Amino acid sequence: LLICLVLSVVLLVASNDLRLFLLFWGFSNVILLKLMQHEHKWKAAKASARLATKTFSFGFTCLTIAFGLLYWKTGCT
């Protein structure tokens, strides 16, 4: 799972398209959440995954809106 995270971040940095950037951003967020909640029995792991889900979702939404506005104004991805 850690290899997938590293690969996702490398592809995110190397992407030359906003759609690919957004895709790899979301993929790395999902992997990070899976790594945080690796032990379902721990209350701390559940709490941190819940908080990270809210934070990552808000960040992903803001990034998507920003990319949408950029595309709307420039027409470039």
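Note that these values count all heavy atoms, side chains included, but never hydrogens, waters or copies made by symmetry. Predicted, not measured: the structure shown is a model, and the values here were computed from it.
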- Note on the structure: Hits for side chain to side chain contact (heavy atoms under 4.5 Å, CB included) against Phe67, two or more places apart or cross-chain, chain-then-number order -> Leu18, Phe21, Leu22, Leu63
- Query: Can Leu51 be reached from Phe60 by stepping across I, L, V, M, F, W or Y side chains whose heavy atoms are under 4.5 Å apart?
  - Reply: no
- Query: Taking Ser57 for the side chain and Lys54 for the main chain, is one N or O donor matched with an acceptor at less than 3.5 Å?
  - Reply: no
- Note on the structure: All heavy atoms of Met36 vs all of Ser48, minimum pair found to be SD-O, 4.0 Å
- Crowding at CG, Asn16 (>12 non-hydrogen neighbours, <6.0 Å): no
- Note on the structure: Shortest non-hydrogen pair, Leu33 vs Ala49, comes out as CD2-O, 3.8 Å
- Looking at side-chain heavy atoms only, is the closest gap between Leu20 and Leu11 below 4.5 Å? no
- Task: Taking all heavy atoms of Ser28 and all of Val9, pick out the closest pair and write down the distance.
- Result: CB-CG2, 4.4 Å
- Item | Sole candidate of Leu7, Leu2, Ile3 that passes side chain to side chain contact (heavy atoms under 4.5 Å, CB included) when paired with Leu5 | Leu2
- Item | same_hphob_cluster(Phe27, Phe58) at 4.5 Å side-chain heavy-atom cutoff | no
- Message: So Leu69 and Trp72, do their side chains get closer than 4.5 Å, heavy atoms only?
- Response: yes
- Message: Strictly distance-based, threshold 3.5 Å: is any side-chain N or O of Ser8 a donor or acceptor partner for the main-chain N or O of Phe24?
- Response: yes
